[in-house]
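One structure below.
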Amino acid sequence: MSGRTYTQAGSVADAVAAMAAGARPVAGGTDLVVGARHGKSPLPQAMVGIHRIPGLDSIEVDPNGAIRIGALVSHAAILDSPLLAEQAPGLLDASAIVGSHATRANGTLGGNVMNASPAMDTGAPLLCLGAQAVLTGSSGTRRLGLDELWISPGRTAASADELLEAIELPAPSGAGARGSAYVRLQYRRQMEIAVVGAAAVVRLSADGGRVADAAVAITAVTPVIVRVSAAEACLVGADLSGGGEELEAALQAAGRAAAWAATPISDVRASLGYRTQMVAVMTRRAAAAAIARARGQQVRVPASDWSVVR
Ligand SMILES: Cc1cc2nc3c(=O)[nH]c(=O)nc-3n(C[C@H](O)[C@H](O)[C@H](O)COP(=O)(O)OP(=O)(O)OC[C@H]3O[C@@H](n4cnc5c(N)ncnc54)[C@H](O)[C@@H]3O)c2cc1C
């Protein structure tokens, strides 16, 4: 007998009570259970299924214009959301390339974020979009920026009894069109983990002639996914009106700045040197795709497919 226990929560309060008593939450199980089957780490002694908790699987806009994505929203549901396609296409770029159809149908946004892998695909676009984690535990509800949530590979700042209820994307601020994109280096199109990834979110000036604001984040090349302010500074102010030379120079500079910020490892999938160069390439592609979307150009999801031909 393993002595393992599994219960099912019918509410957030049930889940929090079980977690306070030592149980680990399981949503889609595509990290926790599949990882255990592959010998990554043993199944926890006590688990609480959270997949039937009502109200955590919807995508809603609150009265202030913030988008609330329930923790149980699957990658497939993200791909089906016209609201997110319009407001956060970079998140669709990420969910579109998570695993296979089966992984996307079962795997949740909450599980991806709470797994805290530096290679998670939704992390970089969420960070650039200013996402906040809504955590509920025995002592109430709090909000944490994702830069505060992820503290090291596989570890978050959430207490053992804190359930992620939702991810909130703040309402866009400032005039001017916005665009976002996420691109990853992958050796095949399905069932791949990012070798290197990058996301960008941009806002154009009201007349569309310049980049007014930019956010850039890199994936799988630092212990936790981080924003790169030096790369963002290279994009802000870039002139979009001429023949494209100034924009190209800004994109290249942003790529170089992101590569400087990366601290990649060498392993069987890529050397440190190759990863470093690819950070520059992925960052350039993500920023180019985000700017193209902000300018109303068609960039298909996932942008990883679109960008390799540009
Ligand atoms: C074949 C395969 C391919 C994959 N490919 C990719 C890929 O390309 N890109 C990628 O990013 N990931 C990939 N993954 C990883 C995984 O599918 C995703 O991270 C998925 O989003 C996890 O969601 P889940 O609901 O299955 O998480 P679970 O396995 O249920 O949980 C993951 C972790 O988060 C915790 N958790 C879950 N929900 C909550 C919550 N609401 N509050 C607090 N803690 C919570 C769990 O306790 C556990 O520690 C892949 C997995 C498999 C099996």
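Not measured: the values here are computed from a predicted model. We count ligands from 1, going down the list as the structure has it; atoms in each ligand are counted the same way.
The single protein non-hydrogen atom nearest to atom 3 (C) of ligand 1 is G99 CA, 3.6 Å, given as residue, atom name and distance. Nearest to atom 41 (N) of ligand 1 among the protein's heavy atoms is L164 O, 3.0 Å. Among protein heavy atoms, atom 49 (O) of ligand 1 sits closest to R24 NH2, 2.9 Å. For atom 13 (C) of ligand 1, the nearest non-hydrogen atom of the protein is V98 CG1, 3.8 Å. Protein heavy atom in closest approach to atom 36 (N) of ligand 1: M114 CB, 3.9 Å. In this structure, atom 19 (O) of ligand 1 lies nearest to the protein heavy atom D31 OD2, 2.5 Å. If you check which protein heavy atom lies closest to atom 50 (C) of ligand 1, you get T103 CG2, 3.8 Å. Protein heavy atom closest to atom 8 (O) of ligand 1, with residue, atom name and distance, is E192 O, 2.8 Å.
A salt bridge between E60 and R68 is absent, with no side-chain N of the basic residue lying under 4.0 Å from a carboxylate O of the acidic one. We find that R52 and D57 are not joined by a salt bridge, their nearest charged nitrogen and carboxylate oxygen being 4.0 Å or further apart.
In this structure, R104 CZ and H101 NE2 are separated by 5.0 Å, a value rounded to the nearest 0.5 Å.
The contact set between ligand 1 and I50, taken as ligand atoms under 4.0 Å from a residue heavy atom, comprises 38 (N), 39 (C), 40 (C), 41 (N). Residue V26 approaches ligand 1 through these ligand atoms, each under 4.0 Å from one of its heavy atoms: 30 (O). Close contacts of ligand 1 with G28, meaning ligand atoms under 4.0 Å from a residue heavy atom, involve 24 (P), 25 (O), 26 (O), 30 (O). Ligand-side atoms of ligand 1 in range of V34: 53 (C), range being under 4.0 angstrom from any heavy atom. Close approach of ligand 1 to A71 is summarised as follows: ligand atoms under 4.0 Å from at least one heavy atom of the residue are 41 (N). Within the listing of ligand 1, atoms 16 (C), 17 (O), 18 (C), 20 (C), 22 (C), 23 (O), 24 (P), 26 (O), 29 (O), 51 (C), 52 (C), 53 (C) sit less than 4.0 angstrom from a heavy atom of T30. Listed by number with element, the atoms of ligand 1 under 4.0 Å from a non-hydrogen atom of R184 are 8 (O). Atoms of ligand 1 found under 4.0 Å from any heavy atom of G29, numbered from 1 in the order shown, are 24 (P), 26 (O), 28 (P), 29 (O), 30 (O).
Neither the backbone nor the side chain of R104 comes within contact range of ligand 1; no heavy atom lies under 4.0 Å. Contacts with ligand 1 closer than 4.0 Å are made by heavy atoms of both the backbone and the side chain of D121. Contact annotation for I193 and ligand 1: only side-chain heavy atoms (C-beta onward) come within less than 4.0 Å of the ligand. By the criterion of a heavy-atom distance under 4.0 Å, neither the backbone nor the side chain of L56 is placed next to ligand 1. The parts of T108 lying near ligand 1 are both backbone and side chain, judged by heavy-atom distances below 4.0 Å. Under 4.0 Å from ligand 1, not a single heavy atom of E165 appears. Residue contacts with ligand 1, taken as heavy atom pairs separated by less than 4.0 Å, involve P25 via backbone and side-chain atoms alike.
Looking at P44, A96, G111 and measuring to atom 27 (O) of ligand 1, the nearest heavy atom belongs to G111.
Hydrophobic cluster membership is shared by L204 and L251, with clusters built from Ile, Leu, Val, Met, Phe, Trp and Tyr side chains linked at under 4.5 angstrom.
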Requested in this report: Please step through side chain to side chain donor-acceptor pair (under 3.5 Å) for the pair S117 and N115, ending with a clear verdict.
Outcome: CA-CA 6 Å; S117 161; N115 203 39; 5.3 Å; no

Query raised in the report: Please walk me through it: do Q132 and R143 pass side chain to side chain donor-acceptor pair (under 3.5 Å)?
Result: CA-CA 6 Å; Q132 292 216 310; R143 284 169 170 72; 4.6 Å; no

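No donor-acceptor pair under 3.5 Å is formed between the side chain of R178 and the backbone N or O of R293. A distance-only check finds no donor-acceptor pair linking the side chain of S81 to the backbone of I78 [under 3.5 Å].
Heavy atoms only, all atoms of each residue included: A181 and A286 are closest at CB-O, 3.6 Å. Of all the heavy atoms in D147 and L127, the pair that sits closest is N-CD1, 3.8 Å. Residues T283 and V279 approach most closely at OG1-O, 2.7 Å, considering heavy atoms.
Of the residues D121, T122, D93, the one that meets the side-chain hydrogen bond (donor to acceptor under 3.5 Å, both in side chains) test with Y182 is D121.
Neither side chain, N106 nor T30, offers a donor N or O lying under 3.5 Å from an acceptor on the other.
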